[in-house]
Amino acid sequence: MAGKSNKGRNRKGSHTAAAAPSGGTEAAIQPDVPANDHVEAVQESVNTDAVEVSAVGEATSVSSEVKENETANEGNQQPNQGDLQLYPVSVKTQTGDKLELQLNPGDSVMDIRQFLLDAPETCFITCYDLQLLTKDGSAHHMEDYNEISEVADITTGGCSLEMVPAFYDDRSIRAHVHRTRELLSLSNLHASLSTSLALQNEITQNKAANSGDTVKPEVPELDGLGYMEDISGSLGNLLSSPLKDVKCVESIVFSSFNPPPSYRRLVGDLIYLDVITLEGNKYSITGSTKMFYVNSSSANTLDPRPSKATSEATTLVALLQKISPRFKKAFREILEGRASAHPFENVQSLLPPNSWLGLHPIPDHKRDAARAENSLTLLYGSEPIGMQRDWNEELQSCREFSHTTPQERILRDRALYKVTSDFVDAAINGAVGVISGCIPPINPTDPECFHMYVHNNIFFSFAIDADLEKLSKKHGDGNSKTCCTGTLQSSSDKASYVRPHGDSLVPNGGKTDGSSLEDVNSTETTQDVSPEAQLAENEQATYASANNDLKGTKAYQEADVPGLYNLAMAIIDYRGHRVVAQSVLPGILQGDKSDSLLYGSVDNGKKISWNEDFHAKVSEAAKRLHLKEHSVLDGSGNVFKLAAPVECKGIVGGDDRHYLLDLLRVTPRDANYSGPGSRFCILRPELINAFVQVQATEASKPKEIISQGAENLSTDSQNVTDADKPDLAKEEKIEDVKELASAANEATGSKDDIVFNPNVFTEFKLAGSPEDIAADEDNVRKVSQYLTDVVLPKFVQDLCTLEVSPMDGQTLTEALHAHGINVRYIGKVAGGTKHLPHLWDLCNNEIVVRSAKHVIKDLLRDTEDHDLAAAISHFLNCLFGSCQAFGGKLITNLTQSKTHKKEHAGHRSPGKNSKGHVRWNGRASLRKTQPSYMNMSSDTLWSEIQEFATVKYEFELPEDARSRIKKISVLRNLCLKVGITLAARKYDLSSSTPFQTSDVFDLRPVVKHSVPSCSEAKELVETGKLQLAEGMLSEAYALFSEAFSILQQVTGPMHREVANCSRYLAMVLYHAGDMAGAIMQQHKELIINERCLGLDHPDTAHSYGNMALFYHGLNQTELALRHMSRALLLLSLSSGPDHPDVAATYINVAMMYQDIGKMNTALRYLQEALKKNERLLGEEHIQTAVCYHALAIAFNCMGAYKLSHQHEKKTYDILVKQLGEDDSRTRDSQNWMNTFKMRELQMNAQKQKGQTLNAASAQKAIDILKANPDLIHAFQAAAVAGGSGSSGAAANKSLNAAMMGEAALPRGRGIDERAARAAAEARKKAAARGLLMLQTMGMQMEQRRMKVYRRSK
């Protein structure tokens, strides 16, 4: 949607920039000059770096360069692919008003309708046709899917649109009523706290300006440290109270006169509504094909005659405005409230994240007939009226769109994104219906564990977590692995293509992918199969296979080979079950499609199908996925050439398209894991890409350079800083060896030669010479060894040096995946980070959460509906408290030892039901005397967790794990993984039972999906990062702006990639000195992160931190501190108090207080930061040096130059030890020492001359130290101690850069280490050195550099 309305849209823009002065670009960096000794000097920012005078001109030129670029973009003479030409087109509304839209010829009528739906003047009009009037007077009727360019040429000017009322029908009139109800409430307006803070600040400033008060208001001291001391108590502060709703009408409900009698249908009546206005009047309203009007009905009798001729209108809102003055006034307030919000706050997120906290106390649940009706008519994602959507046809048709030009690619990506997002949304609703038993199976005569479901044209099947299945015995019922084997023989005859995807019936009720056929066949030949092989076969329907299938589907979608298709797919976890949802393969439900298998095998390789045309398409995809064309043998010894896993299935659908299914192994098996329990341990595609990159580079580089590059992988922190870095964003793919990237571009030819055979180390028989097979196996061993010998050590080193600084389990998982590391290696990561407490705790907590998740989902599967809240609260009490089993008999250990599992794996009774479906077996009876969760105690639960961690992650949890875990962080992580919502209240986690049944508010589905991303925008962002790294700000700005424009058109604003673009744009604008523009972009990122990632996601915390630093740059310190307070709250929930980023944030808060003269508070925060850095990272870490430098600057502001010199000396000693004397940062620290020493000598000289000395500052420092003995102790210890540590991430590093004039950006996530790393290399090359550390939490230090100390002579 390229167009936009000039009226009603973006009316307020971003309130964050409201108070920004027009001269906000005053960011010229000036050289360090002597500072004023007086206390007033504190009011000016501290210049923390000695920057060359030349940087001033450079900063100015960069700023003007970006502005010139913006002007050029506005001119739009040669628009880029994302910068579309816009033309003004006026629109005449049904009421006769006129508004103007800015449209592009490529906009569709649906886009125009969306613009009009957002405009206040037309937001309540839903049923109309559009006519395009050209300047020659001709009128053109526009169909919904027309593009403007197909109807007329608006580029010549003189065109206008007219909204012509259209006739309502049953569907459109109900949609109109639904839209009206939406508009009459502000509850769906997602107001960000940042917007509220900015509005409050603006109101306060306006009041002060109107009163003529020139005295600057006192900045309140915010209790940021309190959040870390009482994290549980701060839970209630996360959720803001809902907006006060404006009441427009008492009620609008569908009348009990519905449906209209037949004689009234014949004259146009469609619905009847009962309305009670705020005045207390009751009206019966008729909705007809032409209009809405008030009829003359009494309480019990329908009288369809209009009551008054004036009481009629084409829209419901217009009618209510006529009959109720109070409605008219209130509706105006609602429109004003929506207009005053940020435009992004009015946009709905397609797939919003689950919240793990709910408002407490619970808001009153009031009667709402509209809500009740919607819950019934919009059941499980079905369309209320009309045909169901054919998801598969929509998806494949979108893939067939032409995509040769940039605009065609944008249109194709937009269509794919919308269809896939709608599919996922419908799949979530359908899966909930399936698990709740509300949707009947399509094969009701089969055993329940085989049931399949088709609802809303989506196929649903179950996947059972085999991890616990293999490791445990079913407590209570004695159920074992296989399900209803007695029925397998009869079922297997029809198993091949009963499923829509050529899938089979799964013996354990598991995921219905075609690989499960192997289970069916294996049961027929059990006498020939060893117990270990049986165990491997039984793994087909695990959670792992579903995950791998989804990853394989994504990989082939991204390969995008013409003529090769995949099904839409989503995985939904809910109430302990995993449901796999897929679009229905055309024709599969209409008859026997057994002859349509053209490629692959449905029987574990006994019979393999092959087709030349299909093979050509699969081979093309294989080239892009680094898969090797290889030969395999079927059961009869026939040789086939495949370019995919044997168990994949190539099928021709009823639409004659070629579909490739069951893509469980599109990457090779992990050679580091062998044995029957590791069949689905495959390598990640990020690792394959990185390995191919390295191998191609090595093939094209001289050996001496390669060896030098290898040294750079494992040397000291300086090498890590300047050498290979993982990619900026954790969600993006990495480049493990960044210093070799330039050579890799020359090696594209050799990259194609590095391919992998996906069928090595499997049970399938490979053809070809033994040498070829050995070479294929060696190839896979090499990449597996590369993972353990290079990638894992490098990742651990990056963690230790804060190159990568995850905050919680989610960001740790993203970081692992971005580096190509599977989560099963987390135990090895933990082992490498034992010496750093925050990393050791983070890995331990994640292992505990993942192990507990497997236990609780098994518990939930075995729990009836009415016991869910009690079961969840009891489980949490066992996990965090000290809870005994309700029944005297304790539950048996679910997780047996690994050896015991292997010994008995092949000897399980085949005649029992799957434990995953025990809940079904007991569903209709009440024979159970007590629920199974009541047998769980804290001891047994922790025993299961420890056993599972040993088996799954090969990690021994420490003995004190139960008491050592960060309880709030673990609680948050577990709730997010399972979908639990708890009351946002203070919990006494030290008690034996901290949770009550009433604390469990909800259990929501958790989804994994394959919603496509926009490759065009990704490429632009990557190029923009490179330009930014070279210091080319205007070029980077143009690229990020173009990517932002494309993403807006493809995904809409509510998407994580749009947030990334906004962050980079804010960074560039900050570099250019445009603080107001940076705030506007940063505010967008903050809103998107809150809506798409969650209120307490670490990225949201970083957004608040960035906003705080930007506001501080505009001297709005109170607003900055409120944002920083929110950042600390969010950090306390996600990471807890013991994390380097918390120390980084403390430093930034301290500097803000320092700038407004509150030195007492500033020193308290600096003391806490120093304590954390020394405890977490060691006393000799560079980040600890940053703390000492910050303290030196603080004492310098107070005139205590001796203390300044002492702390800067400590900084210098650490840097000499870590970086050497020749490093620029070390030399800068030495310059600071000399400066402080000189100022101390000057002060002493003034004393000796008898000059008047303002001793207030020095005395103030002494008073503060006397009032805080612990500060004295800390400083004394610091003066004596050495130091070996590494402090908080982004902020500290920023300070490090600031303090030492080093161009490297701060790393870690104190604010945003991703953007920091982006410009790290650039900082060295760019002339404007002072511009280069703006984006992370040290940005505030940059502001200090932008201000000048003046020393009175």
Side-chain angles (χ1 to χ4, degrees), residues 185-193 196 227 230-245 345 348-349 351-368 371-372 374-375 428-429 432 436 572-576 808-810 849 853 856 860 863 865-877 879-881 967-989 993-1007 1089-1097 1100-1101 1126 1129-1130 1132-1134:
S185 172
L186 289 174
S187 60
N188 55 356
L189 180 66
H190 301 271
S192 168
L193 176 65
S196 304
Y227 292 134
D230 182 17
I231 302 175
S232 177
S234 64
L235 290 179
N237 297 324
L238 175 65
L239 302 176
S240 55
S241 300
L243 291 174
K244 185 178 180 182
D245 221 343
E345 293 174 341
Q348 299 300 309
S349 179
L351 298 171
N354 291 334
S355 173
W356 70 284
L357 290 175
L359 283 174
H360 181 80
I362 305 173
D364 294 335
H365 190 68
K366 298 182 179 179
R367 290 180 180 272
D368 188 343
R371 181 185 62 235
N374 289 340
S375 70
I428 294 172
N429 291 321
V432 171
S436 302
I572 299 96
D573 293 324
Y574 180 57
R575 288 180 56 170
D808 62 355
Q810 182 179 350
V849 168
K853 181 187 75 170
I856 192 175
L860 292 174
T863 301
D865 295 3
H866 54 271
D867 287 327
L868 282 172
I872 292 170
S873 61
H874 180 69
F875 178 88
L876 294 176
N877 285 332
L879 184 62
F880 297 104
K967 294 189 175 182
I968 290 295
S969 297
V970 168
L971 177 65
R972 171 184 175 271
N973 198 355
L974 181 65
C975 287
L976 290 175
K977 279 183 167 61
V978 182
I980 299 170
T981 302
L982 298 175
R985 70 170 181 86
K986 181 175 181 177
Y987 294 98
D988 182 9
L989 295 176
T993 54
F995 298 93
Q996 307 298 322
T997 302
S998 58
D999 292 328
V1000 182
F1001 282 1
D1002 200 0
L1003 188 59
R1004 306 291 301 276
V1006 179
V1007 64
N1089 282 341
E1090 282 189 332
R1091 301 278 303 286
C1092 295
L1093 301 179
L1095 292 176
D1096 58 349
H1097 190 278
T1100 307
R1126 178 71 173 182
L1129 166 64
L1130 302 184
S1132 71
L1133 296 178
S1134 60

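Sequential numbering from 1 along the given sequence is applied to the chain's residues.
- Note: F1001 CZ to C975 SG = 12.0 Å, rounded to the nearest 0.5 Å.
- No side-chain donor-acceptor contact under 3.5 Å links K977 to the backbone of K853.
- The closest side-chain heavy-atom distance from L974 to F875 is below 4.5 Å.
- How far CZ of R1126 is from CG of L193: 5.0 Å, rounded to the nearest 0.5 Å.
- Of all the heavy atoms in C1092 and S349, the pair that sits closest is SG-OG, 4.2 Å.
- For N877 (side chain) and S873 (main-chain N/O), a donor-acceptor pair under 3.5 Å exists by modelled atom type.
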Please test I872 against F995 for side-chain contact (heavy atoms from CB on, under 4.5 Å), starting from the C-alpha separation and ending with a verdict.
CA-CA 9 Å; I872 292 170; F995 298 93; over 6 Å; no
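- A 4.5 Å side-chain heavy-atom check between L357 and L1095 finds every atom pair outside the cut-off.
- Judged by distance alone, with hydrogens and angles left aside, the side-chain atoms of R575 form no donor-acceptor pair with the main-chain N or O of R1004 at under 3.5 Å.
- Nearest heavy atom pair, residue P994 against residue G881, reads CD-CA, 4.2 Å.
- Shown here for V432 and S436, the closest heavy-atom pair between the two residues is O-OG, 2.7 Å.
- Between the CZ atom of R972 and the CD atom of Q810 there is a distance of 7.0 Å, given to the nearest 0.5 Å.
- Looking only at side-chain heavy atoms (C-beta outward), D1002 and N354 stay at 4.5 Å or farther from each other.
- N1089 places none of its side-chain heavy atoms less than 4.5 Å from the side chain of H1097.
- Using a 4.5 Å heavy-atom cutoff, the side chains of V970 and F880 are in contact.
- For the atom pair CG (L868) and OG1 (T997), the distance works out to 11.5 Å, reported to the nearest 0.5 Å.
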Start with the C-alpha distance between L876 and D999, add both sets of side-chain angles, then the distance that settles side-chain contact (heavy atoms from CB on, under 4.5 Å), and finish with yes or no.
CA-CA 11 Å; L876 294 176; D999 292 328; over 6 Å; no
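- Contact of the T981 side chain with the L1003 side chain is not registered, since no non-hydrogen atoms from C-beta on lie closer than 4.5 Å.
- The minimum heavy-atom distance between G809 and N973, with the atom names listed, is CA-ND2, 3.5 Å.
- Between D1096 and W356 there is a side-chain heavy-atom pair separated by less than 4.5 Å.
- Summarising the geometry, atom CD1 belonging to I980 is positioned 6.5 Å from atom CG belonging to L860; distances are rounded to the nearest 0.5 Å.
- How far CG of L982 is from OH of Y987: 4.5 Å, rounded to the nearest 0.5 Å.
- Of all heavy-atom pairs spanning T1100 and G1094, the tightest one is OG1-O, 2.8 Å.
- Using a 4.5 Å heavy-atom cutoff, the side chains of I968 and L235 are in contact.
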